[in-house]
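To keep things clear, I will list the structure first and then write my remarks on it.
Keep in mind that what you see is a predicted model, and the values were worked out from it rather than measured. All values below come from the heavy atoms of this structure, side chains included, with hydrogens, waters and symmetry mates left out. The residues of the chain are indexed from 1 along the displayed sequence.
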Amino acid sequence: MAAQRIRRLVLGATLLTAAAVALPAGPTSADPAPGLDRFYHQSLDWKPCDDATLDAAGAQCAGVLVPLDYDNPNGRTLTVAISRIAATDPSRRRGILLSNPGGPGGQGLRYTNAIAQMLTPDVRAQYDLIGMDPRGIGRSDPVSCTIPVPTMLFSAGFDVFGYARDTTVAAALATACVGTDPEKARHITTRNTARDMDVIRSAFGEAKLNYYGASYGTYLGSVYTQMFGEHADRVILDSPIDPDRYYIGLYQDMGPINEYALDDWATWAARHDDVYHFGATREAVRAFIEDLIRRSAGKEIYGSFYLVDEHTIPMMLLALLTNPQMNQNLAEVVQMLDSGVSGGPIDMDEIKRRIVAAVPLDAAAMAAIMCGDKAAPRDPAWYYANVDAARKTQPVFGAFANNITACAFWPDPVEPPTEIHNATPVLMLANVHDTRTAYQEGLALHRDLTDSRLVTLADTRVHGAFRPGLSPCLIGIVNTYLGTGARPAQDVTCEPDFSWFPQ
C-alpha cells in the first residue's frame, strides 16, 4: 500500500523528467578517440590568478583546453582552470603534484595552499603544486541548473508525504540540470575528468603524474590509475571510497558512521552543558537533537535561499560533524536552529555562511558527476523502503543516507563505470571513524589496488587524515613518500596527537 501511495504522489514528478531520461545513452567505448594531439601538446598561457589567496601564495593560473566528449575531439570543448605554485628549487624539481579536494563538486584551485602547509621544505623543493577546478566546476565552464538549490541531498522527513516532497524536488532538479544543456551535463563525469588529468600531465611535458586526492578525489584517483596507470607516479588517496559502493552505497554507509559521530559530539557538548544547555549526558544531548528535528517538521523557515526544516537540519549536522575542531561551531548552529524552531530569532545568513564554509560544494556539479558516473535505481518505492528500514537504528541520519536524489531521474550514463583492479603503487590514508567514507570503504579499495599501502589513523572522528598537527606519524609518512618514493614495507597504524582535539 505504501509503495502504491508513493508512486501516485510522485507520478507528476517523474513525468517532468521523461524527456531527459529518454535521451539516448550515447557511446560506450572506453578507448580514447584519435585526434587528441592538439589537446595533449598544447602550450599553457600562465597569468595572475586574480584571486587574493592564490596571488598571495605566488600562484599563477592557466586554462587547459579539453574536449567535452573525448569520442568526438573535433566537437565542443571546455576549458579546465588550473593553478600552479612552482617548486621552490628548480634544480631539484621532479614534476607536478596535482590535487583534488573531493566532493564531487569541490573547487580545487586554492587546495594547493592547504596541501603546502603540510609539506616539508624538501618536498616543496621538488614539486609544482597544481590545483584544478575539475570540468563543470568553478572556473572550468561550470554546469548550471535553473533551480538554485544549495544541495542535492536532503533527509526524507518522517512520513510518506515528506518523502514525496523530496522525490518531487529530485525530479525537478534533474530536469533543471539536464535540460539546460543536455550534452554538457552528461559529459561532466569522473572518467572524463581523469582524461583531463592526463591532458594536464602532457601539457606540462611530464611523463608521469603525481597526485593527492581526498574523499571523492580518491575515486577520481583510482579511476586514473585504472585508465592511465602507466602515467601514474606517486599517488596518495586520503579517506578512500570503495568504487563498488560509489555512490549509493557510499551514502548508505554514512548513516551508521554519522550516528556514531553525533554521539561523539554529544559527549563533548554534555561536558559543556553550562554553556549550551543541551543536556548533561550524551543521551540527553542526543534526545535534544532528535526532538529539535521533530519540532522543525511543518515549521519551515526560509531565508537567504536557505531552508530550515526536518529535511535540512540533519544535513546541517552532517556538514559540521566532519571535524572535531568544529564542535563549538556545531553547538552554536544548533542553538540558532533551536531558537528559530521555537519561534525566536534566527540568523539565516549566518547559518548559511557556516554550512557553506564547511561544505563548499556545487550542487549542480555534484549532481552531474554522481548521476553521470553510474545509473541509479529508478523506483521511488525502493528508496522509501530503505529509509523506513533504517529509521530504527539510524534515527537522525538513516532518512538521509537512503533517500532518493536527482540521479533517480537522470539519463543513463554515456559509458559504464570504471571497474578498479590494478597494481599501481599507491599510498592510502584512512580514518577508523571517518564521517564521510567509512573505514571499510578504504579496506575495499585497498584490496582493489593490490600494490597499495594503507596507513590507518586510529580513534579519530574526522574526514581527511592529512591535516596540520593531527598526526605527525602520518604526515611524516606522506612527506617521506613524496620526497623519496619510499612507502612503509607493510600497512601501519598511526595515532593522532590528542592535543589537536578540542577539550
Side-chain angles (χ1 to χ4, degrees), residues 13-30 33 64-81 100 102-108 132-154 167-197 199 216 219-220 223 246-248 361-378 404-418:
T14 58
L15 289 175
L16 285 173
T17 57
V21 174
L23 288 169
T28 58
S29 170
V64 181
L65 192 71
V66 298
L68 174 65
D69 178 359
Y70 276 82
D71 280 333
N72 183 20
N74 295 319
R76 293 174 61 180
T77 60
L78 301 173
T79 299
V80 174
N100 180 274
Q107 299 180 24
M132 170 181 66
D133 279 357
R135 60 167 53 207
I137 300 170
R139 296 189 184 185
S140 297
D141 287 331
V143 292
S144 62
C145 303
T146 54
I147 298 178
V149 295
T151 177
M152 64 172 287
L153 305 172
F154 297 93
T167 305
T168 303
V169 170
L173 182 61
T175 298
C177 294
V178 177
T180 302
D181 186 342
E183 182 186 21
K184 182 177 178 180
R186 300 184 71 219
H187 286 90
I188 307 300
T189 66
T190 297
R191 285 178 63 83
N192 278 334
T193 297
R195 293 176 176 117
D196 297 344
M197 288 166 55
V199 169
Y216 161 78
Y219 180 67
L220 174 60
V223 169
Y246 173 86
Y247 69 94
I248 287 180
L361 300 179
D362 185 305
M366 173 181 276
I369 296 166
M370 290 199 316
C371 306
D373 279 347
K374 186 180 289 188
R378 301 292 190 194
I404 197 167
T405 71
C407 298
F409 305 96
W410 209 265
D412 289 336
V414 296
E415 57 183 326
T418 308

Verdict with reasoning, Asn72 to His187, per side chain to side chain contact (heavy atoms under 4.5 Å, CB included): CA-CA 11 Å; Asn72 183 20; His187 286 90; over 6 Å; no
Carboxylate-amine/guanidinium contact Asp141 Arg76, below 4.0 Å: no
Asp69/Arg186 ion pair, N-O < 4.0 Å: no
Please check: side-chain N/O of [X] versus main-chain N/O of [Y], any donor-acceptor pairing under 3.5 Å?
X: Asp133; Y: Ser140; value: no
X: Asp362; Y: Ile137; value: no
X: Arg135; Y: Thr189; value: no
X: Lys184; Y: Pro142; value: yes

Minimum heavy-atom distance between [X] and [Y], given as atom pair plus value:
X: Gly105; Y: Ala365; value: CA-CB, 4.1 Å
X: Ala406; Y: Ala174; value: O-CB, 3.6 Å
X: Pro134; Y: Gly106; value: CD-O, 3.7 Å
X: Pro413; Y: Ala375; value: CG-N, 3.5 Å
X: Tyr246; Y: Met370; value: OH-CA, 3.8 Å
X: Ala185; Y: Ala368; value: O-CB, 3.8 Å

CA sep, side-chain torsions, deciding dist, call: Val143, Asp181, side chain to side chain contact (heavy atoms under 4.5 Å, CB included): CA-CA 8 Å; Val143 292; Asp181 186 342; over 6 Å; no
[atom1] of [X] to [atom2] of [Y]: how many Å apart, nearest 0.5 Å?
X: Thr167; Y: Phe409; atom1: OG1; atom2: CZ; result: 6.0 Å
X: Thr405; Y: Phe154; atom1: OG1; atom2: CZ; result: 11.0 Å
X: Ile188; Y: Glu183; atom1: CD1; atom2: CD; result: 10.5 Å
X: Met152; Y: Cys371; atom1: CE; atom2: SG; result: 4.5 Å

Side-chain contact, heavy-atom cut-off 4.5 Å: [X] with [Y]?
X: Val223; Y: Thr193; answer: no
X: Leu153; Y: Met366; answer: yes
X: Arg195; Y: Val66; answer: no
X: Pro104; Y: Tyr219; answer: no
X: Tyr216; Y: Asn100; answer: yes
X: Leu220; Y: Met197; answer: yes

Distance-only side-chain donor-acceptor flag, Asp373 / Tyr247, under 3.5 Å: no
